[in-house]
Colleague: 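Please find one structure pasted underneath; my questions will follow.
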Protein chains: 2
Amino acid sequence: MTKTWNHQVVKEGNKSLVLDKIKNNSPISRAAVASQTGLNKGTVSSLVSDLLDDQLIYESGPGESSGGRRPVMLLFNDLAGYAIGIDIGVNYLLGVLTDLSGNIQLKKECSFKNLSYEEIREKMFSTIDSLIASAPESPHGVVGIGVGVPGVVDKSGEILLAPNLKWRNLDLKSVLEEKYGLPVIIENEANAGAYGEKRFGAGQECENIIYVSAGIGIGVGLILNGSLYKGSNGFSGELGHMTIQVNGPKCRCGNEGCWELYASEQALLDTAVQSGLFASTDEELDLPHLIQLAESGNEEAIALFKKSGDYLGVGINNIVNTFNPQQVVIGNRMASAKNWLSESLNERVANQALWFQQNDLIIGFSELDTLPTALGVAAFTIENFLSVRMQPQQAIFS
Amino acid sequence: MTKTWNHQVVKEGNKSLVLDKIKNNSPISRAAVASQTGLNKGTVSSLVSDLLDDQLIYESGPGESSGGRRPVMLLFNDLAGYAIGIDIGVNYLLGVLTDLSGNIQLKKECSFKNLSYEEIREKMFSTIDSLIASAPESPHGVVGIGVGVPGVVDKSGEILLAPNLKWRNLDLKSVLEEKYGLPVIIENEANAGAYGEKRFGAGQECENIIYVSAGIGIGVGLILNGSLYKGSNGFSGELGHMTIQVNGPKCRCGNEGCWELYASEQALLDTAVQSGLFASTDEELDLPHLIQLAESGNEEAIALFKKSGDYLGVGINNIVNTFNPQQVVIGNRMASAKNWLSESLNERVANQALWFQQNDLIIGFSELDTLPTALGVAAFTIENFLSVRMQPQQAIFS
DNA sequence: AAAACTTTGTTTAGCCACTAGACGAACATG
DNA sequence: CATGTTCGTCTAGTGGCTAAACAAAGTTTT
């Protein structure tokens with residue numbers, strides 16, 4: 001039975017419209033909302049009254065008159081509730097508590113190495129516990145938990161495979177839902193990052209954004225026509241395993257010549273070892289040190305980054321030719337080497353991407369530091385909460 | 001000003017729902033439509049009456065009783081109007097006249113070589129003229145013209161570039177609209193083919209279909225979440241110029257190691273010349289002859305196809321990893337070599353695509369022969385017509 | 001300062017499409 | 001023929017939207 005259209009759907013849609021308008025243009029008067037959305041003044045008044053009842057918005061003092069009665073300004077009530085976003089990395093766990101606009105209220109981070117699933121889960125529990133405990137009193141409280149994982153998540157939210165964590169077939173969603181009694185969203189780290197970039201990054205107006213999460217491996221999140229594209233089973237964006245060299249070196253995925261064998265952090269570190277920049281047993285074998293080397297003028301390190309940037313460009317060319325996006329954002333750990341990658345990357349793209357693709361195309365690095373994923377899952381949670389709140393609330397009998 | 005929701009939108013949506021139900025499940029009674037869509041019986045009756053007035057559906061005799069009053073069966077009125085679909089190829093022009101279900105009523109085809117834009121345009125005019133002339137009398141007549149071109153079409157319908165036709169910046173849409181006074185849709189050949197496959201091909205239930213148009217070049221049409229993804233400016237799907245060999249041979253596009261240098265018809269013919277199968281001046285240097293050679297047991301020809309299939313597989317792996325589609329359909333001229341390509345293609349995919357991508361994944365060749373593009377643009381035209389017809393019709397004053 | 005005009009937000013009346021349920025028509029069954 | 005079932009229409013009622021009137025609260029003009 002397909003979804004039919006009725007009065008409730010209409011109201012839901014318009015309420016959403018009004019709330020969005022207020023969120024994005026606050027402070028704004030009812031009259032302005034009406035004229036800008038095309039809705040009738042009366043309709044807006046009625047919907048606004050609903051939203052006020054739900055404490056999702058509030059009235060501030062009167063605004064400036066423009067030659068008549070002074071308007072009552074409406075504002076989105078950021079603090080009507082809070083969301084939790086967790087980013088599980090291969091060797092870190094990052095948790096944020098955000099308000100309903102995605103502003104970070106609190107950030108908790110910890111690093112680790114080679115922990116088991118159970119150990120990481122406990123760390124996550126304690127992070128969530130303390131974030132919930134520190135959430136201020138609010139009408140709606142903590143509205144949900146979002147978790148980003150470096151692995152493959154199917155449509156039901158089950159983690160099928162997270163190779164770098166050695167996780168397989170884990171139903172983390174149910175675990176969290178049962179423990180906290182809150183809505184839980186589990187999402188691939190790159191998908192979440194893409195959404196984080198769309199909502200809080202540079203291109204909030206863009207409808208088509210490709211987020212390249214370049215870390216130990218490479219994953220890609222696709223925002224197409226304004227929303228996340230997940231594929232038939234939720235496995236889209238495995239572009240790290242796109243072949244860029246036919247019959248190239250073997251990848252652990254079974255394929256050959258995969259992009260991430262050339263452009264990932266792992267690839268960079270491997271070539272650094274090969275070129276003798278580090279001993280393979282070297283304790284300091286990591287990206288920050290390599291960046292330090294480049295900054296101190298080490299020619300060899302600079303050349304390595306240049307090569308990496310070039311390879312990044314190759315894959316991004318493919319992305320551009322495939323999606324014709326408005327924006328490509330490179331995030332995750334490799335983004336910290338922005339200064340050393342961008343020249344060769346841009347050169348590769350400028351020289352080799354189809355000319356007509358290059359109009360209005362922005363290629364850049366994430367400015368959200370390590371946060372896109374955590375912010376992205378928090379944003380999913382918030383969006384989910386708000387969409388539920390747009391629906392008519394059944395009366396509560398006591 | 002964003003689009004608001006009101007009862008007109010509701011009616012439009014429900015009318016569409018009812019029409020779709022009738023189209024896909026005919027013959028069907030009002031009662032069945034109501035119970036299957038979830039709409040109220042009265043609502044369905046009223047909407048059906050509208051559709052009857054518009055002659056988009058008709059009543060047939062009473063159906064089988066299931067223990068009560070016999071139902072009046074409703075059917076979609078295929079013949080309420082006709083659409084024209086034109087497929088402009090590099091050396092052919094194919095025109096079809098279809099009914100509103102996409103059934104072909106008439107097909108006109110002509111071949112040519114090295115014609116100018118003006119000459120091809122004239123051929124198109126005469127094709128369209130004769131198709132229109134032969135359309136039977138019907139309530140809505142010819143409802144529009146769709147044209148598929150082997151080139152880049154921007155969102156406004158202007159043809160920016162069709163390299164193999166040597167076309168640039170042509171506003172064919174306006175030309176046709178003015179001449180015929182009908183709605184005109186211009187679409188890239190691969191995009192149209194993708195839609196044709198979705199509507200009339202094997203995977204009509206699939207939401208995510210990738211159509212690989214492998215001819216002289218390679219273009220790709222993307223059906224994502226059930227509708228065509230065109231990118232920010234309409235340039236998506238240029239996967240023929242995806243790099244599969246870093247620092248590989250130069251392509252005329254400016255890039256290196258492009259997929260179509262390995263897996264297109266052109267690539268196949270070029271290697272055939274190189275291997276001495278044809279003299280470079282040979283008149284018979286074309287795909288059908290190469291297929292003939294393979295069929296007559298020529299080992300060298302068979303090996304060439306095998307290699308092509310392998311390279312096709314490389315790109316399709318990338319597609320699968322990117323989109324996690326339900327179906328990949330290979331169409332255009334290379335599809336005629338299906339028997340000689342599929343083995344090595346399937347092997348490449350089976351061995352090297354990520355295992356979890358391979359569940360529920362269908363990779364196959366088009367069964368629509370040369371028609372997907374023409375059928376696709378006709379389908380666009382029909383869909384456009386029907387969506388306009390769902391809107392309330394203003395009274396006509398005389 | 002009074003009058004006139006503007007702008008804001010609420011209220012009222014009316015409209016439209018949907019729903020629920022009554023109802024008659026048309027058929028099957030015993 | 002009586003009864004039960006299914007189909008399709010019809011009627012009353014509901015909910016949300018629109019247009020327009022209106023009250024409230026300003027500014028501008030005289």
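Chain naming here is simple, since letters A, B, ... match the order of the sequence lines and numbering starts at 1 in each. For the numbers below, each heavy atom of this structure counts, side chains included, while hydrogens, waters and symmetry mates do not.
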Colleague: Under 4.0 Å between any heavy atoms, over every strand shown, what does S45(A) touch: base, sugar-phosphate, or nothing? Just pick one.
Modeller: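 Counting heavy atoms under 4.0 Å across all strands, the contact made by S45(A) includes a base.
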Colleague: Before you tell me yes or no, could you show the steps for Y229(B) and F323(B) under ring pair (Phe, Tyr, Trp, His ring centres under 6.0 Å), namely the whole-Å CA-CA distance, both residues' side-chain angles and the distance that decides it to 0.1 Å?
Modeller: CA-CA 12 Å; Y229(B) 173 77; F323(B) 295 103; 8.2 Å; no
Colleague: Please identify each residue that fulfils side chain to side chain contact (heavy atoms under 4.5 Å, CB included) with K41(B), with sequence neighbours left out.
Modeller: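 Counting only residues at least two positions away or on another chain, K41(B) forms a side chain to side chain contact (heavy atoms under 4.5 Å, CB included) with A34(B).
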Colleague: With a cut-off of 6.0 Å (strictly less than), are more than 12 heavy atoms of other residues, nucleotides or ligands near CD of Q8(A)?
Modeller: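 Atom CD in Q8(A) is not crowded, with 12 or fewer foreign heavy atoms closer than 6.0 Å.
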Colleague: How long is the gap from CG on N25(A) to CG on L74(A), to the nearest 0.5 Å?
Modeller: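 Between atom CG of N25(A) and atom CG of L74(A) there are 11.5 Å.
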Colleague: Would you mind reading off the distance between R70(B) atom CZ and dT29(C) atom P, rounded to a whole angstrom?
Modeller: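 Those two atoms, CZ and P, are 13 Å apart.
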Colleague: Can you list everything that forms a ring-ring contact (aromatic ring centres under 6.0 Å, His included) with Y195(B)? Sequence neighbours excluded, please.
Modeller: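 ring-ring contact (aromatic ring centres under 6.0 Å, His included) check on Y195(B) returns F380(B).
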Colleague: With 3.5 Å as the limit, what N/O pairs link the protein to nucleotides 1-6 of chain C?
Modeller:
| unit_1 | atom_1 | unit_2 | atom_2 | d |
| --- | --- | --- | --- | --- |
| dT6(C) | O4' | G67(A) | O | 3.1 |

Colleague: Just how far, in rounded Å, is P of dG9(C) from CD1 of I22(A)?
Modeller: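 So the CD1-P distance, I22(A) to dG9(C), works out to 11 Å.
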Colleague: Could you state the CD1-C1' distance from I57(B) to dG8(D), rounded to the nearest angstrom?
Modeller: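 Computing the I57(B):CD1 to dG8(D):C1' distance gives 14 Å.
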Colleague: Please output the side-chain donor-acceptor pairs of residues 138-148 of chain A that fall under 3.5 Å, not counting sequence neighbours, one pair per line with the distance.
Modeller:
| unit_1 | atom_1 | unit_2 | atom_2 | d |
| --- | --- | --- | --- | --- |
| S138(A) | OG | G141(A) | N | 3.0 |
| H140(A) | NE2 | D54(A) | O | 2.9 |

Colleague: Rounded to the Å, how far apart are I28(B) CD1 and dG8(D) C1'?
Modeller: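 To the nearest whole Å, that distance equals 15 Å.
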Colleague: Output one letter per nucleotide in nucleotides 11-19 of chain D: B when a protein non-hydrogen atom lies under 4.0 Å from the base, S when only the sugar-phosphate is that close, - when neither is.
Modeller: ----BBSBB
Colleague: The criterion is side chain to side chain contact (heavy atoms under 4.5 Å, CB included); which residues satisfy it with D20(B), sequence neighbours excluded?
Modeller: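 By the side chain to side chain contact (heavy atoms under 4.5 Å, CB included) rule, D20(B) matches K23(B), N24(B).
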Colleague: Which part of the nucleic acid, if any, lies within contact of V44(A), taking any heavy atom under 4.0 Å across all strands shown: a base, the sugar-phosphate backbone alone, or nothing?
Modeller: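 No contact.
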Colleague: Under a plain distance cut-off of 3.5 Å, with no hydrogens placed, do S101(A) and D78(A) share a side-chain donor-acceptor pair?
Modeller: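 Distance-only check passes for D78(A) and S101(A).
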Colleague: For V72(A), which contact category applies under a 4.0 Å heavy-atom criterion: base, sugar-phosphate, or nothing?
Modeller: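 The answer is sugar-phosphate, as V72(A) gets under 4.0 Å only of primed atoms, P, OP1 or OP2.
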